[in-house]
Undergrad: 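Can you keep this structure in mind? I'll have questions shortly.
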Amino acid sequence: MGLRDLVDHGIDLLLKHDMAGFAGLWAEDGVLEFPFAGPGYPKRVEGRDAIREYLRDYPNLLDIREVVAKTVHETADPAVVVAEFTVAGVVVASAKPYELSYIAVITVEDGEIRHYRDYWSPLAAAEVLGGVDELTAAFTGGDRG
């Protein structure tokens, strides 16, 4: 599977709310990194199992319904691709519509994601979810009680 195909497949899995399948794209020791993570938010999640657990409840927070825009950029390194995409859907807790944009720098080896740097805006996500406390609780397990 080529890098563009991998990005398309990953987005399809997100639209299907298949977070286990999405996490399954990572190498066993792959890394999910958040360079813009705010206080209380994880900066790195290491290993496929930890990534699967981290993503498990995402569809209970945000119901992704469509990809509004997507651009995939090839780089000088054939193992690295940059994906820009905007998704739209509904915040599950409030039933309010949302739209968020992401940029991901993805490194692939042997058909699996080795490193995924997710450049997203914590401020935009907090606004969508209803505040910084809600964002932090949602993505650090504070609401999984």
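Each residue takes its place number in the sequence, starting with 1.
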Undergrad: Taking side chain as C-beta onward, heavy atoms only, is H115 less than 4.5 Å from E33?
TA: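 In short, these two side chains touch, coming nearer than 4.5 Å.
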Undergrad: Given the rule in the side chain to side chain contact (heavy atoms under 4.5 Å, CB included) test, do I51 and E53 qualify, once you have shown the distances and angles that lead to the verdict?
TA: CA-CA 5 Å; I51 292 167; E53 178 61 22; over 6 Å; no
Undergrad: Which atom pair, heavy atoms only, marks the closest approach of V92 to P59?
TA: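 Heavy atoms only, the tightest pair is CG2-O, 3.4 Å.
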Undergrad: Is it the case that the side chain of D18 and the backbone of G21 share a donor-acceptor pair, with hydrogens and angles ignored and the cut-off at 3.5 Å?
TA: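 Yes; at least one donor-acceptor contact below 3.5 Å.
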Undergrad: Same cluster or not: are L100 and F36 linked, directly or through other Ile, Leu, Val, Met, Phe, Trp or Tyr residues, by side-chain heavy atoms under 4.5 angstrom apart?
TA: no
Undergrad: Would you say V91 and Y41 are hydrophobically clustered, going by side-chain heavy atoms of ILVMFWY under 4.5 Å?
TA: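 Yes, it is one cluster - the side chains of V91 and Y41 are joined through contacts under 4.5 Å.
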Undergrad: Quick one about Y119 and R117 (side-chain donor to acceptor, distance below 3.5 Å, no hydrogens or angles considered), yes or no?
TA: yes
Undergrad: Using the side chain to side chain contact (heavy atoms under 4.5 Å, CB included) rule, take T75 and V81 through it: C-alpha gap first, then chi angles, then the decisive distance, then the call.
TA: CA-CA 6 Å; T75 69; V81 67; 5.8 Å; no
Undergrad: In this structure, would W120 and L15 fall into the same cluster of hydrophobic residues linked by side-chain contacts under 4.5 Å?
TA: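 Same hydrophobic cluster.
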Undergrad: Using the ring pair (Phe, Tyr, Trp, His ring centres under 6.0 Å) rule, pick out the option among Y102, Y116, Y54 that qualifies with F34.
TA: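 Exactly one option meets the ring pair (Phe, Tyr, Trp, His ring centres under 6.0 Å) with F34, and it is Y54.
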Undergrad: Can you tell if the side chain of M19 reaches within under 4.5 Å of the side chain of L14, non-hydrogen atoms only?
TA: yes
Undergrad: For L25, which of L13, V108, I106 qualifies under side-chain contact (heavy atoms from CB on, under 4.5 Å)?
TA: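 So, applying the side-chain contact (heavy atoms from CB on, under 4.5 Å) to L25 and each of L13, V108, I106, only L13 qualifies.
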Undergrad: Short question: side chain of D110, backbone of E112 - any donor-acceptor pair under 3.5 Å?
TA: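 No.
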Undergrad: Should we say atom CD of E28 is surrounded by more than 12 heavy atoms from elsewhere, each under 6.0 Å from it?
TA: no
Undergrad: For residues F22 and I11, determine if any side-chain heavy atom of one lies less than 4.5 Å from a side-chain heavy atom of the other.
TA: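 Contact flag for F22/I11 side chains = no.
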Undergrad: What about V72 and V80, same hydrophobic cluster or not, with Ile/Leu/Val/Met/Phe/Trp/Tyr joined at side-chain heavy-atom distances under 4.5 Å?
TA: no
Undergrad: Check whether any side-chain heavy atom of E66 lies under 4.5 Å from a side-chain heavy atom of V87, and answer yes or no.
TA: no
Undergrad: Before you tell me yes or no, could you show the steps for H73 and E84 under side chain to side chain contact (heavy atoms under 4.5 Å, CB included), namely the whole-Å CA-CA distance, both residues' side-chain angles and the distance that decides it to 0.1 Å?
TA: CA-CA 8 Å; H73 305 277; E84 297 180 75; 2.4 Å; yes
Undergrad: Would you check if V31 and R114 make a side-chain contact, meaning some heavy-atom pair closer than 4.5 Å?
TA: no
Undergrad: Could you walk me through whether I113 and L6 pass the side chain to side chain contact (heavy atoms under 4.5 Å, CB included) test, one step at a time?
TA: CA-CA 9 Å; I113 297 171; L6 184 69; 3.9 Å; yes
Undergrad: Using the rule that two of Ile, Leu, Val, Met, Phe, Trp, Tyr join whenever any of their side-chain heavy atoms come within less than 4.5 Å, decide whether L55 and V67 are in one cluster.
TA: yes
Undergrad: Is any side-chain heavy atom of F85 less than 4.5 Å from a side-chain heavy atom of V7?
TA: no
Undergrad: For a quick test of reading the model, state the closest non-hydrogen atom pair linking P35 to D118 and the distance between them.
TA: CD-O, 3.5 Å
Undergrad: What closest approach, in Å, do Y98 and L62 show between heavy atoms, and which atom pair accounts for it?
TA: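 The pair with the smallest heavy-atom distance is OH-CB, 3.6 Å.
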Undergrad: Given R48 and D29, is the salt bridge (Lys or Arg N to Asp or Glu O under 4.0 Å) satisfied, shown in steps?
TA: CA-CA 6 Å; R48 183 187 303 137; D29 61 348; over 6 Å; no
